[in-house]
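Only one structure is covered here, and it is reproduced in the block below.
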Number of protein chains: 2
Amino acid sequence: MALSIAARSAVAGQMRASEAASPPLVTPEACARCEAREVSVCSVLSGDDLARLSHISVVSTVGEGETFITEGDPADHFFNITAGTAKLYKLLPDGRCQVTGFARTGDFLGLAAGAVYVFSAEALEPVRFCRFARSKLRGFLRDCPEMERRLLDLARNELVLAQEQMLLLGRKRARERLASFLLSWQQRAAPGPGNRLMLPMTRTDIADYLGLTIETISRTLSAFKKTRLIAQTALSELIILNGTELAAIAAGDR
Amino acid sequence: MALSIAARSAVAGQMRASEAASPPLVTPEACARCEAREVSVCSVLSGDDLARLSHISVVSTVGEGETFITEGDPADHFFNITAGTAKLYKLLPDGRCQVTGFARTGDFLGLAAGAVYVFSAEALEPVRFCRFARSKLRGFLRDCPEMERRLLDLARNELVLAQEQMLLLGRKRARERLASFLLSWQQRAAPGPGNRLMLPMTRTDIADYLGLTIETISRTLSAFKKTRLIAQTALSELIILNGTELAAIAAGDR
DNA sequence: CGTTGTGTTGATATTAATCAACAAGTGTGG
DNA sequence: CCACACTTGTTGATTAATATCAACACAACG
């Protein structure tokens with residue numbers, strides 16, 4: 001069995017939040033090393049602890065479009081993404097959807113859950129993850145305070161990001177929201193060749209993340225292209241030409 | 001010195017989130033007991049641990065309208081509200097404001113912070129709180145895993161609420177937002193005599209919490225009054241007449 | 001009493017949603 | 001290989017929800 005408990009350094013849409021973020025909990029290098037060995041490693045664990053944690057973990061893979069966490073189901077497991085990207089979302093009875101976040105390699109799912117999951121998770125591209133039972137984790141944490149500390153840091157980080165997103169959803173205009181999203185995604189995603197930014201999600205996903213419609217996303221992206229803030233190299237691939245100006249827009253300065 | 005680390009059972013705006021919430025971390029009774037003794041008690045601590053924690057805590061009081069946490073300042077302290085209500089908010093450079101939450105007796109402030117605070121806190125009525133240095137807390141937590149576990153539970157709860165609020169801000173309409181707010185506040189606030197609901201915040205605060213304007217709040221409240229969903233007993237005091245219908249509106253069912 | 005702050009209500013403006021048409025890409029089957 | 005449906009994205013026209021602007025009511029307070 002393989003296992004990984006890791007977290008990328010989260011980057012908020014704004015400088016201020018970025019300053020407040022904790023240092024990387026697990027470096028990208030460590031993640032890569034884990035993957036190569038087929039045994040993902042929690043950076044704070046070693047020896048016996050690691051072995052014990054491996055006992056309670058299971059590795060799985062899901063294909064694009066598959067839902068692997070469903071809102072309302074008993075929250076029996078924690079997840080750690082080891083490859084791919086997933087969207088996390090909540091639904092209203094009439095089908096309205098709010099994407100609460102995107103999870104990438106190293107991210108941890110299931111912190112924001114009580115007895116049942118309060119969100120669903122769907123793979124945007126093939127996703128590999130490491131899953132383990134919350135009941136067993138509880139016992140493990142009792143003997144491994146270092147691990148608990150990391151989880152608290154993770155939760156803190158997520159809380160900072162969530163509040164930043166509240167500001168975005170409650171008070172920013174469409175162009176400010178999209179600018180914020182592009183910049184924060186640029187910082188989270190590994191840059192492609194030639195500084196290209198890959199967007200594994202559809203326009204619908206972006207719209208549901210930013211509280212807008214696909215038409216508004218499309219129009220706003222077109223406006224950014226026309227003013228040379230970004231360039232589009234493929235349908236889901238673009239280059240940020242003027243990050244400074246984009247950051248000013250994201251912050252609401254113009 | 002007095003000290004308190006406590007948390008009320010958080011109640012989300014929707015049933016689903018409520019089911020998911022952890023059991024009360026500190027009962028209202030325990031809080032009351034703490035207050036009476038002028039030594040607030042963390043329910044998971046006792047004896048030596050409690051004495052040690054008391055060493056690093058300071059009790060303060062701030063008046064209505066006073067800001068006691070400022071976004072961007074070094075996040076040196078944790079806070080635990082022991083009396084009163086405060087609003088937590090973030091600002092955009094041009095003055096737009098997003099209230100990210102309201103903190104009441106027993107609530108804990110400062111979890112969502114890194115090197116600097118990412119939100120400000122202002123007293124809506126006279127607030128008493130217990131404050132202690134994060135640097136000292138860190139050392140304390142090392143020796144008191146039970147305490148750390150509680151903090152993780154608190155953070156988990158806040159995360160659930162934050163995601164519920166994202167759904168509200170991103171996808172709910174004005175009447176749905178206000179209905180959600182009234183119900184969740186009803187569950188958090190101690191009910192006044194005759195089931196009256198006290199709202200210590202102004203229309204502006206509610207508007208900034210729900211991502212709306214004061215005019216929309218006022219109009220929507222008037223509509224609720226006209227359809228007998230609520231009745232107003234004073235400017236900041238009302239009664240929920242039809243909670244069932246209000247819940248249906250909050251959930252987006254009509 | 002006037003003044004100020006807060007809330008309400010009405011008229012109008014604006015942003016983004018909705019409705020609609022079409023373009024481009026993808027996959028299928030003949 | 002092409003015709004076809006089907007999905008996703010773009011753009012335009014119109015509508016709807018909420019913001020903005022404005023007037024006024026009311027209470028608190030000096």
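Every chain is numbered from 1 and lettered A, B, ... according to where its sequence line falls, protein lines coming before strand lines.
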Polar atom pairs (N or O), protein with nucleotides 27-30 of chain D, under 3.5 Å:
none

Rounded interatomic separation in angstrom, taking [atom1] from [X] and [atom2] from [N]:
X        : N      : atom1 : atom2 : answer
B:Arg175 : D:dA16 : CZ    : P     : 17 Å
A:Arg171 : C:dT15 : CZ    : C1'   : 14 Å
A:Arg177 : C:dA16 : CZ    : P     : 7 Å
A:Glu176 : C:dT14 : CD    : P     : 17 Å
B:Gln232 : C:dT6  : CD    : P     : 16 Å
A:Leu169 : D:dT18 : CG    : C1'   : 17 Å
B:Glu237 : C:dG7  : CD    : P     : 15 Å
A:Ile217 : D:dT8  : CD1   : P     : 16 Å

Quiz item: Taking only residues two or more places apart in sequence, or in another chain, which ones meet B:Arg175 in a salt bridge (Lys or Arg N to Asp or Glu O under 4.0 Å)?
Solution: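 With sequence neighbours excluded, B:Arg175 shows a salt bridge (Lys or Arg N to Asp or Glu O under 4.0 Å) to no residue whatsoever.
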Quiz item: Mind checking what makes salt bridge (Lys or Arg N to Asp or Glu O under 4.0 Å) contact with A:Glu237, not counting sequence neighbours?
Solution: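 Partners of A:Glu237 by the salt bridge (Lys or Arg N to Asp or Glu O under 4.0 Å) criterion, ordered by chain and then number, come out as A:Arg196.
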Check this for me, if you would: do [X] and [Y] make a salt bridge, where the nitrogen-to-carboxylate-oxygen distance has to be below 4.0 angstrom?
X        : Y        : value
A:Asp107 : A:Arg188 : yes
A:Arg96  : A:Asp208 : no
A:Glu164 : B:Lys90  : yes

Quiz item: Is there a residue in residues 197-212 of chain A whose heavy atoms reach under 4.0 Å of DNA chain C, and which residues are they?
Solution: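 A:Gly211, A:Leu212, in order of number.
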Practice problem: Apply ring pair (Phe, Tyr, Trp, His ring centres under 6.0 Å) to the pair A:Phe119 and A:Tyr89, showing each step before the final yes or no. | Solution: CA-CA 5 Å; A:Phe119 59 86; A:Tyr89 61 97; 8.9 Å; no
Quiz item: Of all heavy-atom pairs between A:Gln163 and B:Ala112, which one has the smallest distance, and what is that distance?
Solution: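 Taking A:Gln163 first and B:Ala112 second, the nearest heavy atoms are NE2-CB, 3.7 Å.
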Quiz item: Considering all heavy atoms of both residues, which atom of A:Lys87 and which atom of A:Val99 are nearest to each other, and what is their separation?
Solution: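 Between these two residues, the closest heavy atoms are CD-CG2, 4.2 Å.
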Quiz prompt | Pairs where residues 245-254 of chain B contributes a residue and the test side-chain hydrogen bond (donor to acceptor under 3.5 Å, both in side chains) is met, not counting sequence neighbours | solution =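 Qualifying pairs, neighbours excluded: B:Glu245-B:Arg254.
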Close N/O contacts between protein and nucleotides 9-12 of chain C (under 3.5 Å):
{"residue": "C:dT9", "atom": "OP2", "partner": "B:Ser222", "partner atom": "OG", "Å": "2.4"}
{"residue": "C:dG10", "atom": "N7", "partner": "B:Arg219", "partner atom": "NH1", "Å": "2.8"}
{"residue": "C:dG10", "atom": "O6", "partner": "B:Arg219", "partner atom": "NH2", "Å": "3.2"}
{"residue": "C:dA11", "atom": "N6", "partner": "B:Arg219", "partner atom": "NH2", "Å": "3.4"}

Exercise. Might you work through the ring pair (Phe, Tyr, Trp, His ring centres under 6.0 Å) test for B:Phe79 and B:Phe108, ending with a clear yes or no?
Key: CA-CA 6 Å; B:Phe79 296 80; B:Phe108 202 74; 9.3 Å; no
Quiz prompt | Flag for A:Thr213-A:Thr216: side-chain donor and acceptor within less than 3.5 Å | solution =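 Yes, because at least one side-chain N or O of A:Thr216 sits under 3.5 Å from a partner of the opposite role on A:Thr213.
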